[in-house]
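Here the structure comes first, spelled out in structure tokens, and everything after it is commentary.
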There are 2 protein chains.
Amino acid sequence: MSDLVEAVGPSHVLTDPETVAGYLTDWTGRWHGTALAVVRPADTAETSAVVRACARAGIAVCPQGGNTGLVGGSVPPVGVPSIVVSTSRLDWIDDVDVPGRAVGAGAGVTLARLQRSADAAGLACGVDLAARDSATVGGMVATNAGGINVVRYGAMRAQLLGVEAVLASGEVLRRWKPLRKDNVGYDLPGLLAGSEGTLAVITGVLLQLVHKPRRTATAIAAVENPAGALALAAAVEESGIVVRAAELMTRRGMDLIASYGHRRPFAEPPPYSLLIEGEAAGTDLAAALDAAGVVEAVLEEGSGADLWAVREAHTETIARDSSSPVVKLDVSVPLPALEDLIDAVDPVAAEYGARHIPFGHVADGNLHVNLLDVDPGRAAEVTDRVLRIVAGLGGSISAEHGVGRAKIPWLELSRSPADLAAMRTIKAALDPHGLLNPGVLFGVNSSRE
Amino acid sequence: MSDLVEAVGPSHVLTDPETVAGYLTDWTGRWHGTALAVVRPADTAETSAVVRACARAGIAVCPQGGNTGLVGGSVPPVGVPSIVVSTSRLDWIDDVDVPGRAVGAGAGVTLARLQRSADAAGLACGVDLAARDSATVGGMVATNAGGINVVRYGAMRAQLLGVEAVLASGEVLRRWKPLRKDNVGYDLPGLLAGSEGTLAVITGVLLQLVHKPRRTATAIAAVENPAGALALAAAVEESGIVVRAAELMTRRGMDLIASYGHRRPFAEPPPYSLLIEGEAAGTDLAAALDAAGVVEAVLEEGSGADLWAVREAHTETIARDSSSPVVKLDVSVPLPALEDLIDAVDPVAAEYGARHIPFGHVADGNLHVNLLDVDPGRAAEVTDRVLRIVAGLGGSISAEHGVGRAKIPWLELSRSPADLAAMRTIKAALDPHGLLNPGVLFGVNSSRE
């Protein structure tokens with residue numbers, strides 16, 4: 001502990017139970033851990049000193065950004081001597097490199113702050129998501145966060161030009177050049193992206209920025225089924241309009257949010273609705289929707305804040321309306337299997353007395369399965385049922401957030417033994433003593449739900 | 001050897017010196033290796049058997065696709081017992097998954113064949129490059145090839161949805177789902193991309209496909225300097241036209257190709273020319289060029305084959321006109337440093353009695369430095385000078401093709417000791433006996449130029 005105090009100063013080694021409580025529980029309230037301390041280094045050198053001190057003492061290091069994940073990956077384990085390394089003070093942000101279209105930021109900078117910085121420079125970040133005010137860019141890289149514009153720009157890994165990170169040895173890995181093409185050996189930044197803090201503590205990220213779209217238009221269109229939603233998104237793209245987002249919603253979801261006073265885009269909700277944002281004038285998007293045979297749609301010029309509010313109202317409303325913590329599974333399937341997934345989950349939900357209100361980033365095959373009113377004692381059981389359906393359809397048990405602690409029991413549904421063995425080999429090579437985020441991704445020392 | 005014959009059959013273990021000669025020399029004629037045999041497995045299982053046999057016998061395995069690289073990464077070493085594993089018979093290609101927008105193919109399928117297959121299904125491959133008729137998709141993934149449309153779709157790693165590969169142990173790693181989002185552990189496909197055959201033998205790739213652009217237009221515009229070219233590409237993008245390609249050419253290049261009878265787009269070549277392809281009608285691209293202050297341009301509707309011919313004529317003409325093998329360095333720098341790079345290389349070229357005719361994918365900061373008439377005995381020396389200039393400008397010694405054997409002496413210019421150590425740790429973990437492509441990327445057993 002004295003080494004930690006020496007590394008970051010006494011006021012940044014937090015041990016007061018009330019102060020550290022927030023770091024030991026995730027925001028869903030499902031995951032709890034224990035830690036000897038919460039340590040807040042001010043820069044990469046201090047982070048390195050903290051990791052070295054922990055390595056000497058055999059204390060595990062659990063990196064934590066905005067703590068907005070869904071799978072328990074950002075809370076420490078139970079019963080393992082560990083500290084939380086909070087990235088909250090790694091909050092520096094460089095001036096935007098306008099001609100190079102890039103910006104460097106400390107791991108603890110929130111997405112919203114990075115977006116404001118990019119915006120002020122006439123550029124934009126390629127990733128956007130609802131948790132933008134609390135999610136940090138370090139955590140977003142560590143989980144390869146995607147969000148609503150993946151169909152246009154890809155996820156965080158695709159934005160990552162460089163990274164600064166502390167390895168388990170305490171050594172600092174730094175690639176920090178605003179280069180679009182740099183093929184000199186292994187893509188270590190890309191390997192750290194999505195590694196959930198198990199290979200390094202990310203302290204800084206260098207992200208590409210994108211041009212702001214010249215004009216955008218947003219619509220919510222009535223569709224019969226998920227296949228119709230996919231066909232519509234494809235038709236808009238093929239009409240020459242670049243699609244920025246395509247979000248599927250259901251009649252049940254629309255009915256529910258309306259019952260809480262949110263806007264109902266259609267007097268009589270259709271079976272499914274597709275929110276689509278395209279890089280086009282409103283008249284052009286309207287023409288594309290017409291040409292694709294859409295019979296009912298509401299449209300706004302621009303990024304359509306009122307229409308996005310309909311989509312974003314789902315999350316909060318679902319949480320409020322459920323009699324128990326919502327079972328939220330962020331999964332993906334091949335595009336043609338989206339409808340099969342919804343159809344297969346519905347009867348399982350019914351079997352558990354639950355309501356199924358899915359929505360998702362349909363152009364990426366990414367569905368948020370939301371199960372309301374599940375008896376908490378049966379949450380693991382219904383999760384198992386749903387993830388097996390996903391796997392049976394050729395899908396992934398995690399489209400976002402990673403594996404964390406929550407999805408370890410189902411790893412084998414998404415990865416073969418040879419694949420898992422190769423991952424473990426890499427983990428053991430880079431972190432031979434299992435110092436970094438133990439229990440996340442590979443299990444062994446799991447905390448308790 | 002009998003194990004190899006058993007694995008693939010006698011007619012696919014080639015040892016006749018004349019037959020194998022083509023596999024032992026790269027297409028530039030600069031790199032030569034030796035091998036006990038060239039082995040051509042028919043599928044992944046045979047490839048696994050070959051790797052296991054070699055592991056038992058302590059014989060190195062050197063994967064080879066189209067052998068179109070520039071850095072000696074596809075030829076075996078000298079003086080190390082090794083075989084070449086040719087992917088030529090891994091030439092299967094799946095039916096295109098049209099709704100999933102994906103296609104699976106054996107590593108030995110050429111890019112051109114994959115493109116035809118995608119095209120017939122109404123889709124396109126996001127990567128295109130001049131060597132499309134011989135470059136294989138396996139080799140392109142192994143080197144993270146980029147080509148002309150990186151500015152629009154990214155390089156091969158960004159297209160890679162899945163991979164099938166044989167690890168050094170002989171085990172088969174397979175991720176094979178057409179998912180846009182799949183965050184379950186480390187991005188092993190992305191790690192193999194760009195690993196130059198040092199971590200696995202890639203036997204199959206599952207690639208995303210993209211929508212064909214609704215309409216394209218292509219122009220060659222006169223610009224004063226590289227900064228002007230970059231500003232023009234940015235202005236076109238900001239006008240709302242998606243830029244598909246942006247290729248910089250020089251007055252010297254234009255003069256040279258004209259002297260060989262190729263088209264001269266401008267009666268009096270400007271200092272620099274920018275070929276730009278955008279997703280727009282020709283009138284809209286013309287308007288964007290006008291608005292950006294372009295005073296002289298030629299424009300074609302569509303993908304502009306006649307204009308692309310001007311760009312593609314450079315490669316062959318330069319090779320024909322040089323009195324010695326052209327020193328070709330495929331490098332990148334931060335966008336604002338492109339002009340500095342050209343300006344700094346010019347006097348070095350003069351010092352060596354060489355002509356410098358660069359061109360490149362300017363929107364990616366990727367420049368092809370071509371030095372003509374270099375005394376072959378001084379090629380390494382001038383390469384050293386140029387790569388140090390690149391590094392001094394914050395660039396990468398390899399924008400394409402990787403490190404191979406050619407660029408090993410300059411690795412430290414692009415990667416820190418901690419970075420190289422982390423790469424070596426991964427290599428040693430996944431290939432503890434150094435079976436796969438020894439001497440490539442990390443050196444040690446280098447073949448001779």
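Order of the sequence lines sets the chain letters (A, B, ...), proteins ahead of strands, with each chain counted from 1. Any value given below was found using the heavy atoms of this structure, including those in side chains, with hydrogens, waters and symmetry copies removed.
Checked by atom type and distance alone, the side chain of N183(B) never pairs as donor or acceptor with a backbone atom of G194(A) at under 3.5 Å. With S414(A) contributing its side chain and I397(A) its backbone, the two residues share a donor-acceptor pair below 3.5 Å. The backbone N or O of Q159(A) lies less than 3.5 Å from no partner atom in the side chain of Q208(A), so there is not a single donor-acceptor pair. A donor-acceptor distance shorter than 3.5 angstrom exists from the side chain of K427(A) to the backbone of T198(A), with no hydrogens or angles considered.
In this structure, the portions of S239(B) lying under 4.5 Å from any heavy atom of chain A include both its backbone and its side chain. V151(B) does not touch chain A: none of its heavy atoms, backbone or side chain, sits under 4.5 Å away. Using a 4.5 Å cut-off between heavy atoms, V331(B) does not touch chain A at all.
Taking chain A as the reference chain and counting heavy-atom pairs below 4.5 Å, the highest number among L192(B), L161(B), L199(B) is found for L199(B). Options L420(B), D182(B), V150(B) differ in how many heavy-atom pairs under 4.5 Å they form with chain A, and the most are formed by D182(B). Interface check for chain A: of the options G122(B), A155(B), A234(B), G365(B), the most heavy-atom pairs under 4.5 Å are formed by A234(B). Chain B forms more heavy-atom pairs under 4.5 Å with one residue of R415(A), E171(A), E238(A) than with any other, namely R415(A). Highest contact tally toward chain A, considering only A231(B), S416(B), G185(B), is held by G185(B) [criterion: heavy-atom pairs under 4.5 Å]. Counting heavy-atom pairs under 4.5 Å between each of G240(A), A227(A), S398(A), S332(A) and chain B puts S398(A) at the top. When each of A421(B), G394(B), A158(B) is scored by its heavy-atom pairs under 4.5 Å with chain A, the top score falls to G394(B). Looking only at heavy-atom pairs under 4.5 Å with chain B, the residue among K212(A), R174(A), R180(A), K407(A) that has the most is R180(A). Contact count versus chain A (heavy atoms, under 4.5 Å) is highest, among L230(B), L179(B), I241(B), for L179(B). For the set L173(A), D187(A), I426(A), the entry with the most heavy-atom pairs within less than 4.5 Å of chain B is D187(A).
Taking the six-membered ring for Trp and the full ring otherwise, the centers of Y186(B) and Y186(A) sit at least 6.0 Å from each other.
Side-chain contact of E237(B) with H211(A): a donor-acceptor pair under 3.5 Å is absent, judged by distance alone.
Ion pair D419(B)/R175(A) flagged as a salt bridge, since at least one NZ, NE, NH1 or NH2 atom sits closer than 4.0 Å to an Asp/Glu carboxylate oxygen. A salt bridge does not link R214(A) with E279(A): none of the charged nitrogens is closer than 4.0 Å to a carboxylate oxygen.
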